[in-house]
Amino acid sequence: MSQLRAAAAGGLRRSGRRPVPPARQSRKGASPRGAPAPAPPPAQHLFADPVEIEALRGSLLAWYDKCKRDLPWRTLAATEPDADRRAYAVWVSEIMLQQTQVATVIDYYNRWMQKWPTLQALAQASLEEVNELWTGLGYYSRGKRLQEAARKVMSDLAGRMPRTAEDLQKLLPGVGRYTAGAIASISYGQATGVVDGNVIRVLCRLRCIGADSSSPAVIDWLWDMANALVDRSRPGDFNQAMMELGATVCVPKAPLCGECPVKQHCRARRRQLFGKPAPVPDVEDCGAGGCPLCPPATDPWDSSLGVTNFPRKAAKKQPRVARTATCVLERRGCHGGPEYLIVQRPSSGLLAGLWEFPSLPLAQGLQEEKQREVLADHLRAWTGWPVAAGGLRLIGEVVHIFSHIHQTYVIYSLPLDGDVTLDPALSPSRWVTEQEFHASAVSTAMKKVL
Ligand code: SF4
């Protein structure tokens with residue numbers, strides 16, 4: 001069996017796998033104390049057969065040509081003759097698509113590209129403008145980093161985008177391995193794979209990978225597989241096809257295996273249809289124990305889950321619980337309608353540079369009376385007005401879930417008769433009507449508060 005494994009690994013190399021970089025060798029190769037390197041995963045987790053690889057590429061690309069969704073960034077990538085503009089168009093889409101659904105992104109993308117069709121235009125925008133357009137898309141640091149990177153391309157790289165995945169990752173802040181691979185393969189035709197959530201799901205199912213798919217060792221193997229599989233003549237289309245398959249067919253909960261263009265290559269489906277194969281472990285199943293890519297012995301294949309046995313992830317860390325007191329200061333505007341005071345958050349950290357109602361993080365376990373007092377103190381120091389704790393009206397609570405924070409806003413209101421201006425040294429502030437509030441760079445959480 002070991003000979004067969006070695007042959008399988010050799011087959012993968014022949015099919016185009018990059019040499020293992022030193023960093024990987026130290027993680028999965030020989031231990032620092034010189035212990036023997038762990039064996040590569042058994043053959044059935046790999047793509048070892050060049051004939052099968054070719055067949056899979058062909059089936060996937062034919063399906064993609066017929067079924068792909070018509071998306072604005074795909075049109076731009078296919079029609080834009082200028083390589084820098086093409087790379088920029090793909091880059092913007094990839095950043096927006098991180099953590100956000102395609103259907104939501106389309107409108108944001110079109111508005112963004114209309115406003116800043118080139119890197120040069122984006123580099124000249126203010127953070128305020130970027131945040132305003134990004135409002136509602138979430139994870140605001142993405143827009144900020146995109147703009148910072150555009151400025152860097154203009155100032156340090158003479159406006160020319162790096163031309164390989166390696167340089168994109170090395171030279172552009174906020175561009176990780178996935179984004180670099182996507183830009184390089186789609187915009188420049190570099191034969192490099194990509195691994196995102198959709199690709200992880202497809203690969204894990206194709207090859208029955210049930211080890212924790214968020215672990216560095218498994219992620220490394222998935223990158224190797226993606227690099228081995230990517231079509232050499234149409235890498236951008238191939239990568240998009242893998243992601244499209246994960247987004248539309250090989251979906252998390254109820255995959256449409258019957259319609260899948262690569263079902264004949266899918267080991268999870270085979271296992272679902274035919275059960276655990278007879279004991280020929282070297283070609284069909286790892287057998288018990290020791291495999292770095294099989295499900296752990298403590299959590300084996302569950303036949304009621306079928307192909308959705310894969311992928312598997314370690315349990316997610318619980319989000320941090322936080323409470324914030326927020327005060328909606330309101331006055332009559334010159335046209336008789338209400339106006340609200342908003343202040344700008346610091347330029348780094350969570351929701352950097354966005355506007356919000358004056359807010360104050362609360363210590364855990366504070367009683368309502370005490371909350372009110374600390375908020376009144378804070379407003380007094382901020383506005384110079386004699387704000388009394390008893391004048392603050394408790395309105396209720398709004399819960400907003402950030403990726404890593406379970407945030408509760410405790411909302412108070414305070415009607416004011418006169419004008420209030422905050423010390424600009426403390427924080428920029430302004431009065432806005434409801435309409436202006438919605439047009440400002442405010443977070444979704446603050447819209448809920450209003
Ligand atoms: Fe995913 Fe099913 Fe296709 Fe396998 S056959 S890749 S599980 S959709």
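Atoms within a ligand are numbered from 1 in the order they appear, just like the ligands themselves. The shown structure was predicted, so the numbers you read here are calculated from the model rather than taken from an experiment.
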Aromatic plane relationship, Trp134 with Trp112 - under 30° parallel, 30 to 60° tilted, over 60° perpendicular:
perpendicular
Are Asp84 and Arg163 ion-paired here, with the side-chain N under 4.0 Å from a carboxylate O?
yes
Could you tell me whether Arg111 sits above the aromatic face of Tyr108, with NZ or CZ closer than 6.0 angstrom to the six-membered ring centre and within 45 degrees of the axis?
yes
With sequence neighbours left out, what residues match Ser440 under side chain to side chain donor-acceptor pair (under 3.5 Å)?
Arg430
Under 2.8 Å from atom 4 (Fe) of ligand 1, the protein N, O or S atoms found are Cys266 SG
Taking NZ in Lys447 as the centre, count heavy atoms belonging to other residues, nucleotides or ligands within less than 6.0 Å. Is the count above 12?
yes
Is a side-chain N or O of Tyr188 found less than 3.5 angstrom from the main chain of Pro162, in a donor-acceptor match?
yes
